[in-house]
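Here is the structure we will look at, set down as structure tokens.
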Amino acid sequence: MEIQFASLDETATRFTLSGASPAFANAMRRAMISDVPTLAIEDVRIYDNTSALFDEMLAHRLGLIPIRTDLDTYVARENCSCGGAGCPGCTVTFTLSAEGPRTVTSGDLIPQDVKTVPVSDNIPIVKLTKGQKLVLEARAVLGTGKDHAKWQATLVCGYKNHPAIAITDACDACGMCVDECPRDILVIKGKKVEIAAGKLPDCSLCRLCERACISTGIGEEPAIRVSAEPDRFIFVAESDGSLSVNDILQRALQHIKGQSDELEQKIREISGDDKE
């Protein structure tokens with residue numbers, strides 16, 4: 001199994017996963033979406049709210065604000081030594097106090113830990129008119145996308161089979177397939193159609209080129225064939241900023257490995273085989 005990156009930065013990545021089964025590729029996608037923990041606001045105590053929004057709507061909006069997360073500092077509340085009561089090891093406290101007229105944004109949340117701040121300061125929460133106030137305290141804890149979408153670390157995470165295009169010697173470079181391709185994958189070089197350099201991963205497997213080729217009436221089979229490699233996948237992932245995509249990928253793989261080890265151990269216990 002091999003991972004080859006085409007692009008990688010803090011918030012987005014595109015890579016190719018080779019030598020894997022469709023089941024593993026889908027498990028990897030699901031782990032990146034649902035099993036990577038991040039911080040999100042879970043508990044809100046509102047002391048004063050004379051805005052146009054109900055307390056429940058404010059709490060919901062606060063929960064959806066992505067928060068920068070240090071997984072080496074914080075642990076899940078259920079695994080914390082405080083027993084879930086809430087301590088600096090599992091909980092981040094935010095305070096907010098604002099008075100109109102103004103728009104309250106995520107930048108108005110004052111964190112207990114200066115490193116644990118909203119990803120963006122410009123996320124609007126509520127608009128206050130003259131004389132309206134909002135005073136609250138919020139607690140953020142670790143969770144996963146399985147529990148609620150506010151804990152999803154990814155905005156985009158998906159994959160497709162890596163395309164494979166074969167062009168036979170029957171190709172007469174008529175150009176019909178080149179004109180039909182919506183993503184400019186094909187070009188004419190000399191007396192034959194070829195794949196443009198670096199464009200193969202962009203193929204959407206629409207097979208419009210095959211139909212265009214067969215419609216020319218030359219032969220009963222198209223000179224170009226589009227298929228998908230069964231053990232090679234192109235992944236695209238984008239982070240919401242709470243974690244880097246590199247951290248998301250590593251944590252997802254660690255989760256899959258942990259589940260695999262647990263399953264292996266359970267099978268050993270059932271079978272009575274204690275050998276490694």
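Treat the numbers as computed from the prediction; the structure is a model and nothing was measured. The figures that follow rest on heavy atoms only: side chains count, while hydrogens, waters and symmetry mates do not.
Linking ILVMFWY side-chain heavy atoms closer than 4.5 Å, directly or via other members, places Leu200 and Ile234 in two distinct hydrophobic clusters. A continuous path of Ile, Leu, Val, Met, Phe, Trp and Tyr side chains, each step under 4.5 Å between heavy atoms, connects Ile195 with Val193, placing both in one hydrophobic cluster. No chain of hydrophobic side-chain contacts below 4.5 Å, direct or via other Ile, Leu, Val, Met, Phe, Trp or Tyr residues, connects Leu96 to Val119. The hydrophobic cluster containing Leu109 also contains Ile46, counting ILVMFWY residues as joined when their side-chain heavy atoms lie under 4.5 angstrom apart, directly or transitively. With hydrophobic clusters built from ILVMFWY side chains whose heavy atoms lie under 4.5 angstrom apart, Phe24 shares a cluster with Phe15.
Judged by distance alone, the side chain of Glu180 and the main-chain N or O of Cys209 form no donor-acceptor pair under 3.5 Å.
Residues Ile165 and Ile185 are in side-chain contact: their nearest non-hydrogen atoms beyond the backbone lie under 4.5 Å apart. Gln4 is not listed as a side-chain neighbour of Ser18, based on a closest heavy-atom distance of 4.5 Å or more. Residues Arg139 and Val92 have side chains not in contact (no heavy-atom distance under 4.5 Å, counting atoms from C-beta outward). Side-chain atoms of Asn161 and Arg232, non-hydrogen and from C-beta on, never get closer than 4.5 Å to each other. Side-chain contact between Arg225 and Glu210 is present, with heavy atoms from C-beta onward closer than 4.5 Å. Between Leu253 and Gln250, every side-chain heavy-atom pair lies at or beyond the 4.5 Å cut-off. When side chains are defined from C-beta on, Pro101 does not count as touching Thr129, because their heavy atoms never get closer than 4.5 Å. The side-chain heavy atoms of Leu136 and Leu62, taken from C-beta on, include a pair separated by under 4.5 Å.
Ion pairing of Asp169 with Lys192 is present here, as a side-chain N (NZ or NE/NH1/NH2) and a carboxylate O approach within less than 4.0 Å. Electrostatic pairing of Lys266 and Glu262 does not count as a salt bridge here, judged by no charged N lying under 4.0 Å from a carboxylate O. We find that Arg102 and Asp108 are joined by a salt bridge, their nearest charged nitrogen and carboxylate oxygen being less than 4.0 Å apart. A salt bridge does not link Glu42 with Arg77: none of the charged nitrogens is closer than 4.0 Å to a carboxylate oxygen.
Residue pairs meeting the ring-ring contact (aromatic ring centres under 6.0 Å, His included) criterion with at least one member in residues 147-188, sequence neighbours excluded, are Tyr159-Phe233, Tyr159-Phe235. Applying the salt bridge (charged side-chain N to carboxylate O under 4.0 Å, His left out) test to pairs two or more places apart or on separate chains, those with a residue in residues 11-27 are Arg14-Asp202. For the ring-ring contact (aromatic ring centres under 6.0 Å, His included) condition, no pair includes a residue of residues 44-84, sequence neighbours left out. Evaluation of the salt bridge (charged side-chain N to carboxylate O under 4.0 Å, His left out) test over residues 240-252, restricted to residues two or more places apart or in two chains, returns Asp72-Arg251.
Under the side-chain contact (heavy atoms from CB on, under 4.5 Å) criterion, Ser34 pairs with Lys146, sequence neighbours left out. Listed by chain and residue number, Ser51, Leu53, Leu58, Val104, Leu128, Leu134 satisfy the side-chain contact (heavy atoms from CB on, under 4.5 Å) test with Val126 (two or more places apart in sequence, or in another chain).
Of all heavy-atom pairs spanning Thr50 and Gly131, the tightest one is OG1-O, 4.2 Å. Heavy atoms only, all atoms of each residue included: Arg183 and Ser204 are closest at CZ-CB, 3.6 Å.
Leu8 contributes atom CG, which lies 8.5 Å from atom CG of Leu249 (distance to the nearest 0.5 angstrom). Rounding to the nearest 0.5 angstrom, the gap separating the CD1 atom in Ile125 from the CE atom in Met57 is 13.5 Å. Rounding to the nearest 0.5 angstrom, the gap separating the OG atom in Ser215 from the CG atom in Leu208 is 10.5 Å. Atoms CG and CD1, on Leu71 and Ile248 in that order, are 9.5 Å from each other to the nearest 0.5 Å. To the nearest 0.5 Å, atoms CD1 (Ile224) and CD1 (Ile214) are separated by 12.0 Å.
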